[in-house]
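Taking it in order: structure first as C-alpha cells, then the write-up.
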Amino acid sequence: MVFYSLITGSSGLLGKYHSEALLQINHNVVLTDKNLDQLKKDVKFFKKKYPQKRILGLKMDITSKKNILSVLKFLKKKNIWINNLINNAAIDAKFKRDSINLNKFENISLKVWNKEIEVGLSGAMLCSQIFGNEMVKKKIKGNILNIGSDLSVLAPNQSIYMGNKKKLTFIKPVTYSVIKHGIVGLTKYVASYWANKNIRCNCLSPGPVLNKQSLQLQKNLKKTIPLNRLANMNEYVGSIKFLCSDDSKYMTGQNIIIDGGRTIW
Ligand SMILES: NC(=O)c1ccc[n+]([C@@H]2O[C@H](COP(=O)([O-])OP(=O)(O)OC[C@H]3O[C@@H](n4cnc5c(N)ncnc54)[C@H](O)[C@@H]3O)[C@@H](O)[C@H]2O)c1
C-alpha cells in the first residue's frame, strides 16, 4: 500500500501552493484538475523541482461520479491509496461583462445555480464520499480538508465591487455563499460521521488573495480587512501543512479562517 494525497483543482491559483505544501511535508501527491493542459505543465514543473517525490497528474472532473470512480480504480490498480484529500476545486470565477445582470439575485437562473453548486458543493461531497469511503473500508487513518472562504461565514459585501465611477462592476452570486456555507456543513457532517473511523475532516477558509484584481477592488477590499491588505498566494502553505499532518491530529470538524481579520469586522 502506497499512500498519496489527492488535490482537486490542483492547477488553479491556490491548488499549486497546496500541492507544493504537501510535497514539502513529504507527501506523495496525485494532482487532479479538469484542465489537462495546465495539469501536464504543473506535473512537469513539480517533477523537475522535486525529482525524488512521487507525483501523479490525472484529469478528473469532480462533477462526474463516473470520472472520480475511474480515477479511484486506476489508483487502486497501482496500489495507490488516498489518505489525504483536499477538496479545493472551484468553478472558474470569471468577471464576465454580463455577470452583473446574470449574478443579480433576482435574475440567477436555476441552470447557473445547479452548475455552480455542482462544482463547488456536490463535487466536494462526491470526492469525500468516494475517497473517504475507501479510507474507511481499508481502515486507513485519513484526512479530508475542504477549502472554504471568508464567505463561508460572512455575507458578501457587494459594495467592494463599486468601481471608480460609483457603478457596480460585479455582483458576487448567491451560489458562492451557499457553496461556502455548505462546505462548512459538509465538513462538520463528515467529521462527525466518520469520527469513529479514524477520519478527520476540517475546512480552511482563506480571505481574498492578491491576484490581478483592479486597483479599485484592492482598495475597497483592504478597507474591509483589519490587516489592510489581501493575502499573498503563499500565505496558506503553513496552514495546509498543519491541517494535513499529525500536527492537527486532535482537530476535526473545524473551520479555520485565515483572512487578515476580515471576519472580525
Ligand atoms: N483565490 C482566492 O482569493 C480565494 C479566496 C477564498 C477562497 N478561495 C477558494 O480556494 C479554492 C481555490 O481557489 P483558486 O483561486 O485557486 O481558484 P481557481 O479558479 O484559480 O482554481 C480552481 C481550479 O478548479 C478547477 N476546476 C473547475 N471546475 C472543476 C471540475 N468540475 N473538476 C475539477 N476541477 C475543476 C479549475 O480548472 C481550476 O484549475 C476555491 O475553493 C476557492 O473558492 C479562493
Side-chain angles (χ1 to χ4, degrees), residues 6-21 30-43 57-68 70-71 85-96 114-128 130-131 144-154 156 160-161 170 172-173 175-184 186-187 203-214 217-218 221-222 224-225 229-237 239-240 243 255-260 262-263:
L6 186 146
I7 305 113
T8 71
S10 64
S11 293
L13 183 72
L14 293 180
K16 293 193 193 70
Y17 286 88
H18 302 338
S19 307
E20 185 146 20
V30 184
L31 310 181
T32 72
D33 204 287
K34 65 162 196 191
N35 180 345
L36 186 59
D37 292 341
Q38 188 57 46
L39 185 62
K40 282 184 183 160
K41 287 183 200 154
D42 296 339
V43 172
L58 296 173
K59 184 174 181 192
M60 184 172 88
D61 179 346
I62 58 164
T63 63
S64 162
K65 188 166 185 174
K66 201 171 146 204
N67 194 178
I68 304 169
S70 71
V71 166
L85 164 70
I86 304 188
N87 284 314
N88 164 75
I91 200 149
D92 317 326
K94 299 247 161 49
F95 280 63
K96 299 179 206 112
N114 286 337
K115 181 73 212 149
E116 295 187 356
I117 301 278
E118 194 183 19
V119 179
L121 203 47
S122 313
M125 186 282 289
L126 283 175
C127 290
S128 304
I130 292 169
F131 292 107
I144 299 173
L145 179 62
N146 295 320
I147 304 298
S149 156
D150 48 4
L151 298 186
S152 69
V153 293
L154 281 179
I160 62 167
Y161 302 113
F170 183 71
K172 194 66 134 181
T175 41
Y176 198 78
S177 284
V178 171
I179 288 166
K180 293 307 183 186
H181 278 70
I183 278 285
V184 175
L186 177 69
T187 302
C203 180
L204 169 65
S205 282
V209 177
L210 186 61
N211 169 37
K212 299 184 197 156
Q213 289 93 343
S214 70
L217 178 56
Q218 287 180 39
L221 268 168
K222 280 188 203 170
T224 69
I225 301 172
R229 66 175 178 85
L230 281 71
N232 295 316
M233 292 176 198
N234 62 0
E235 283 184 303
Y236 297 100
V237 166
S239 45
I240 292 286
L243 290 163
N255 181 21
I256 300 305
I257 305 164
I258 302 186
D259 63 350
R262 192 178 186 199
T263 48

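Atoms within each ligand, like the ligands themselves, are counted from 1 in listed order.
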Within ligand 1, which atoms have a heavy atom of [X] less than 4.0 Å away?
{"X": "A89", "result": "24 (O), 34 (N), 35 (C)"}
{"X": "G148", "result": "7 (C), 8 (N), 9 (C)"}
{"X": "T63", "result": "31 (N)"}
{"X": "G9", "result": "23 (C), 24 (O), 25 (C)"}
{"X": "M60", "result": "32 (N), 33 (C)"}

Would you tell me which option among L14, I7, L39, L210 has the nearest heavy-atom contact to atom 14 (P) of ligand 1?
L14
Can you list the residues that meet the side-chain contact (heavy atoms from CB on, under 4.5 Å) rule with V184, with sequence neighbours excluded?
S152, K188, C203, N255
Any [X] heavy atom less than 4.0 Å from ligand 1:
{"X": "S205", "value": "no"}
{"X": "T8", "value": "no"}
{"X": "P206", "value": "yes"}
{"X": "S10", "value": "no"}
{"X": "K180", "value": "yes"}

Over all heavy atoms of both residues, which pair between [X] and [Y] is shortest? Give the atoms and the distance, please.
{"X": "D259", "Y": "I225", "answer": "O-CG2, 3.7 Å"}
{"X": "K222", "Y": "R229", "answer": "CG-CA, 3.9 Å"}
{"X": "P206", "Y": "Y236", "answer": "CB-CZ, 3.4 Å"}

I need the I7 CD1 to K16 NZ distance, nearest 0.5 Å.
12.0 Å
For the atom pair NZ (K66) and CG (L126), what is the distance rounded to the nearest 0.5 Å?
14.5 Å
Is K40 atom NZ crowded by more than 12 heavy atoms from other residues, nucleotides or ligands, each under 6.0 Å away?
no
Heavy-atom distances under 4.0 Å decide this one: backbone, side chain, both or neither, for [X] against ligand 1?
{"X": "Y176", "answer": "side chain"}
{"X": "V119", "answer": "side chain"}
{"X": "P208", "answer": "backbone"}

Do any N or O atoms from the side chain of [X] and from the backbone of [Y] form a donor-acceptor pair under 3.5 angstrom?
{"X": "E20", "Y": "Y17", "result": "no"}
{"X": "T8", "Y": "N88", "result": "yes"}
{"X": "S149", "Y": "K180", "result": "no"}

Are any of the N/O atoms on [X], whether in the backbone or the side chain, positioned under 3.5 angstrom from an N/O atom of ligand 1?
{"X": "S149", "answer": "no"}
{"X": "N35", "answer": "no"}
{"X": "D61", "answer": "yes"}
{"X": "I91", "answer": "no"}

K115: what forms a side-chain hydrogen bond (donor to acceptor under 3.5 Å, both in side chains) with it, not counting sequence neighbours?
E118
